[in-house]
Amino acid sequence: MSEATARPLAAATALVGRGVLLGRRNPDAVISALVMPVMLMLVFVYFFGGAIDTGDTRYVTYVVPGVIVLCAGFGAAGTAVSVSEDMRGGTVDRLRTLDVGAVPFLTGHVVATVARNLLATTLVFGVAFLIGFRPSATPAGWLAAIGLLLAYITAVSWLSAAAGLIARTPEAANTVTFLMMFLPYPSSAFVPIDTMPGWLHGFAENQPVTPLIESIRGLLLDQPVGSAPWTALAWCGGLLALAVTVSGALFRLRTR
């Protein structure tokens, strides 16, 4: 491995470790990221589930994929806040004196967020099984569902990193990520789209989250998913490419 490749890789590895340590030193944020998705799932299942018709599928089974995707949005918001704090607190200035570029710096934040999100997802699945979630996925279906979820978490985490570079304060960074947390609501995450007002159908059916949720739900229930996984992957790949490109440009702009 050449020195030009080894140095950014070593920097990214060190910054991933830093991101994990920062998370351990901020238990309030970690607990919030873990508890909030579980609480939302319990609210939807026990407060609203009895009033929502999902056909032959039990509501807890229907809603779990949506809660997991919503959980990814909540977790990604932490990336924006931590990036903004580093930009504001002078950490990036010190890193730049060590010739650490945008990719290692942001990769450290993103990987730490992905790890935290995977832990939250595991917790959601565990609680879901306790309250009656019974998937019938094959091993291949589980792998495909996890792969899609990982692609989405990575994409929204990079988008959140870009938001952290745009925002001038951690509070503003948290606000900028609201759209990512909002997207699961006007989708098939919590209610079938055909129960929504007609004027909302077009957006709900053609936004990034809907094919992802339909894919994960179908894979976990071992049902046909058609082209939905490829559509979801295309959205994730496009959003990831956009986020990485924009993040690099914003980082150079903010650190000139």
Side-chain angles (χ1 to χ4, degrees), residues 23 26-81 113-137 145-146 148-150 152-153 156-157 159-160 171 174-197 200-201 203-205 207-221 223 232:
N26 189 6
D28 291 346
V30 174
I31 292 172
S32 177
L34 296 177
V35 171
M36 183 65 73
V38 172
M39 293 300 296
L40 284 172
M41 180 173 62
L42 295 177
V43 166
F44 275 104
V45 171
Y46 290 115
F47 291 4
F48 307 132
I52 300 173
D53 182 13
T54 53
D56 296 331
T57 304
R58 291 186 63 194
Y59 188 68
V60 62
T61 302
Y62 180 92
V63 81
V64 165
V67 171
I68 290 171
V69 172
L70 184 64
C71 163
F74 277 114
T79 309
V81 174
T113 299
V114 170
R116 186 169 60 245
N117 254 322
L118 291 177
L119 179 60
T121 299
T122 302
L123 180 61
V124 169
F125 270 123
V127 175
F129 276 108
L130 290 176
I131 62 175
F133 177 58
R134 295 296 180 267
S136 51
I146 293 170
L148 285 170
L149 183 62
L150 184 59
Y152 178 73
I153 291 173
V156 296
S157 296
L159 281 173
S160 188
E171 294 78 11
N174 200 29
T175 302
V176 171
T177 59
F178 171 77
L179 180 60
M180 287 181 288
M181 293 185 284
F182 176 75
L183 277 178
Y185 292 102
S187 74
S188 60
F190 305 113
V191 297
I193 291 176
D194 59 13
T195 65
M196 300 178 184
L200 191 54
H201 287 187
F203 176 79
E205 291 170 352
Q207 56 127 316
V209 166
T210 295
L212 176 72
I213 290 172
E214 293 294 329
S215 298
I216 294 175
R217 183 179 290 132
L219 290 166
L220 293 182
L221 297 180
Q223 296 174 348

- prompt: Roughly how far, to the nearest 0.5 Å, is OG1 of T61 from CD1 of I131?
  reply: 9.0 Å
query: What pairs with S188 under side chain to side chain donor-acceptor pair (under 3.5 Å), at least two apart in sequence or on another chain?
result: E214
message: Restricting to side-chain contact (heavy atoms from CB on, under 4.5 Å), what partner residues turn up for I216, sequence neighbours left out?
response: P65, V69, A145, L149, L212, L220
Distance-only check: which donor-acceptor pairs under 3.5 Å involve side-chain atoms of residues 119-127, not counting sequence neighbours?
residue, atom, partner, partner atom, Å
T121, OG1, N117, O, 2.9
T122, OG1, L118, O, 2.9

task: Specify whether Y62 and Y59 have parallel, tilted or perpendicular ring planes, treating 30° as the upper limit for parallel and 60° as the lower limit for perpendicular.
output: parallel
field: Shortest non-hydrogen contact from H201 toward M196
entry: NE2-O, 2.9 Å
- prompt: Is the shortest heavy-atom distance from the side chain of I213 to the side chain of S187 under 4.5 Å?
  reply: yes
- request: Over all heavy atoms of both residues, which pair between S215 and L148 is shortest? Give the atoms and the distance, please.
  value: CB-CD1, 3.6 Å
statement: Taken in chain and number order and not counting sequence neighbours, the residues that satisfy ring pair (Phe, Tyr, Trp, His ring centres under 6.0 Å) with F203 are none
- prompt: Are the side chain of T210 and the backbone of Q207 linked by a donor-acceptor contact shorter than 3.5 Å?
  reply: no
field: Qualifying residues under side-chain contact (heavy atoms from CB on, under 4.5 Å), relative to R134, sequence neighbours excluded
entry: F129
- line: One should read off an interatomic distance between S157 OG and L150 CG, to the nearest 0.5 angstrom, of 9.5 Å
query: Looking at residues at least two apart in the chain, or sitting in another chain, which of them share a ring pair (Phe, Tyr, Trp, His ring centres under 6.0 Å) with F44?
result: F48, F190
